[in-house]
Novice: 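Can you read through this structure? Questions will come right after.
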Amino acid sequence: MVKNMINAFYGFKKGSRRIFDEAGKQIPVTEVAAGPLTVVQVKSATKEGYDSLQLGFGAKHIKKVNQPETGHLKSIGQQEKLPRFLREVRTSPEETLKLGDKVSVADVFAAGDTVAVTGISKGK
């Protein structure tokens with residue numbers, strides 16, 4: 001179980017919609033597609049000076065990945081689609097995840113958890 005070891009999760013905004021509570025009051029919500037994250041690299045304090053995990057998310061066809069990135073991603077296995085984005089998350093030294101492990105939303109958050117969401121504007 002990964003709970004409370006990873007303090008971030010990544011996803012894409014799918015859109016906005018509304019839901020209704022028991023009293024019939026509408027509540028605006030944002031749908032986020034947060035698929036499984038793949039551990040691409042495990043960084044340790046002995047080698048890099050700090051403990052962290054490099055996580056890959058999204059999907060990109062293998063033909064659209066450049067050669068240095070392909071070499072870096074070989075460690076998770078050659079497949080049809082590779083991660084589109086790579087992000088790093090600081091962890092504690094006792095982290096138990098290994099290369100190629102999948103992390104899902106249910107592993108990180110419990111029902112009723114409050115999360116802070118940040119985003120990047122496309123600038124239109």
Side-chain angles (χ1 to χ4, degrees):
M1 208 44 122
V2 185
K3 291 207 187 304
N4 299 326
M5 291 188 182
I6 295 177
N7 59 358
F9 208 84
Y10 299 99
F12 298 100
K13 179 179 178 179
K14 286 180 65 176
S16 298
R17 56 181 285 205
R18 60 187 177 168
I19 60 173
F20 297 93
D21 63 3
E22 295 82 23
K25 181 180 174 189
Q26 83 176 13
I27 304 166
V29 296
T30 300
E31 290 181 298
V32 177
L37 303 178
T38 305
V39 177
V40 176
Q41 183 180 13
V42 179
K43 295 187 177 187
S44 64
T46 56
K47 190 171 181 184
E48 283 87 6
Y50 59 95
D51 294 307
S52 71
L53 295 173
Q54 188 178 54
L55 303 171
F57 67 102
K60 182 166 42 169
H61 196 274
I62 196 159
K63 289 184 178 182
K64 296 187 179 192
V65 178
N66 62 23
Q67 195 170 9
E69 196 174 3
T70 303
H72 178 65
L73 296 173
K74 257 188 192 175
S75 59
I76 62 170
Q78 201 73 350
Q79 53 210 21
E80 183 66 25
K81 298 209 180 242
L82 293 173
R84 181 175 178 192
F85 299 104
L86 297 175
R87 298 291 185 265
E88 197 170 298
V89 176
R90 294 278 179 124
T91 59
S92 58
E94 58 272 354
E95 185 64 53
T96 57
L97 293 174
K98 298 179 287 299
L99 240 71
D101 284 352
K102 302 278 186 191
V103 181
S104 69
V105 175
D107 292 339
V108 178
F109 302 111
D113 281 356
T114 303
V115 296
V117 178
T118 60
I120 299 172
S121 173
K122 290 184 178 181
K124 292 183 180 179

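The shown structure was predicted, so the numbers you read here are calculated from the model rather than taken from an experiment. Residue numbers run from 1 in the order of the sequence given.
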Novice: Walk me through it: do S44 and D51 pass the test side chain to side chain contact (heavy atoms under 4.5 Å, CB included)?
Specialist: CA-CA 4 Å; S44 64; D51 294 307; 4.2 Å; yes

Novice: Using the six-membered ring wherever Trp is involved, compare the ring planes of Y10 and F57 and label them parallel, tilted or perpendicular (cut-offs 30° and 60°).
Specialist: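 Rings of Y10 and F57: parallel, as their planes differ by under 30°.
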
Novice: Which pair of heavy atoms, one from K25 and one from D21, lies closest together, and at what distance?
Specialist: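 Reported closest heavy-atom pair: N-OD1, 2.8 Å.
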
Novice: Applying side chain to side chain contact (heavy atoms under 4.5 Å, CB included) to V42 and L99, what does each step give before you reach the verdict?
Specialist: CA-CA 7 Å; V42 179; L99 240 71; 4.0 Å; yes

Novice: With respect to L53, which candidate in V39, L37, V103 satisfies the side-chain contact (heavy atoms from CB on, under 4.5 Å) definition?
Specialist: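 The option that passes is V39.
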
Novice: Of all residues at least two apart in sequence or in a different chain, which pass the side-chain hydrogen bond (donor to acceptor under 3.5 Å, both in side chains) check with Q54?
Specialist: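 For Q54, the residues satisfying side-chain hydrogen bond (donor to acceptor under 3.5 Å, both in side chains) (neighbours in sequence not counted) are H72.
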
Novice: Rounded at 0.5 Å granularity, tell me how far CD in Q26 sits from CZ in R17.
Specialist: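 Reported value, rounded in 0.5 Å steps: 12.0 Å.
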
Novice: Answer yes if V32 and I19 sit in the same cluster of Ile, Leu, Val, Met, Phe, Trp and Tyr residues linked by side chain heavy atoms under 4.5 Å apart, and no otherwise.
Specialist: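 No, no single cluster joins them.
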
Novice: First locate atom CZ of F12, then atom CZ of R84, and finally report the distance between them rounded to the nearest 0.5 Å.
Specialist: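 Reported value, rounded in 0.5 Å steps: 5.5 Å.
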
Novice: For V40, does its backbone N or O pair with a side-chain atom of T38 as donor and acceptor, under 3.5 Å?
Specialist: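 Not a single qualifying donor-acceptor pair exists.
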
Novice: For a quick test of reading the model, state the closest non-hydrogen atom pair linking E88 to S52 and the distance between them.
Specialist: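 Distance-wise, the nearest heavy atoms are OE2-OG, 3.2 Å.
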
Novice: Could you pull out all residues at least two apart from E48 that satisfy side-chain hydrogen bond (donor to acceptor under 3.5 Å, both in side chains)?
Specialist: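 Counting only residues at least two positions away or on another chain, E48 forms no side-chain hydrogen bond (donor to acceptor under 3.5 Å, both in side chains).
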
Novice: Under 4.5 Å between side-chain heavy atoms, hopping through other hydrophobics if needed: is there a path connecting V105 to F85?
Specialist: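 As far as the 4.5 Å side-chain criterion goes, F85 and V105 are connected within one cluster.
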
Novice: Mind checking side-chain hydrogen bond (donor to acceptor under 3.5 Å, both in side chains) for T30 and listing every partner two or more places apart, or none if nothing turns up?
Specialist: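 T30 satisfies side-chain hydrogen bond (donor to acceptor under 3.5 Å, both in side chains) with no other residue.
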
Novice: Does V117 share a hydrophobic cluster with F9, counting links as ILVMFWY side-chain heavy atoms below 4.5 Å and allowing steps through other members?
Specialist: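 Same cluster.
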
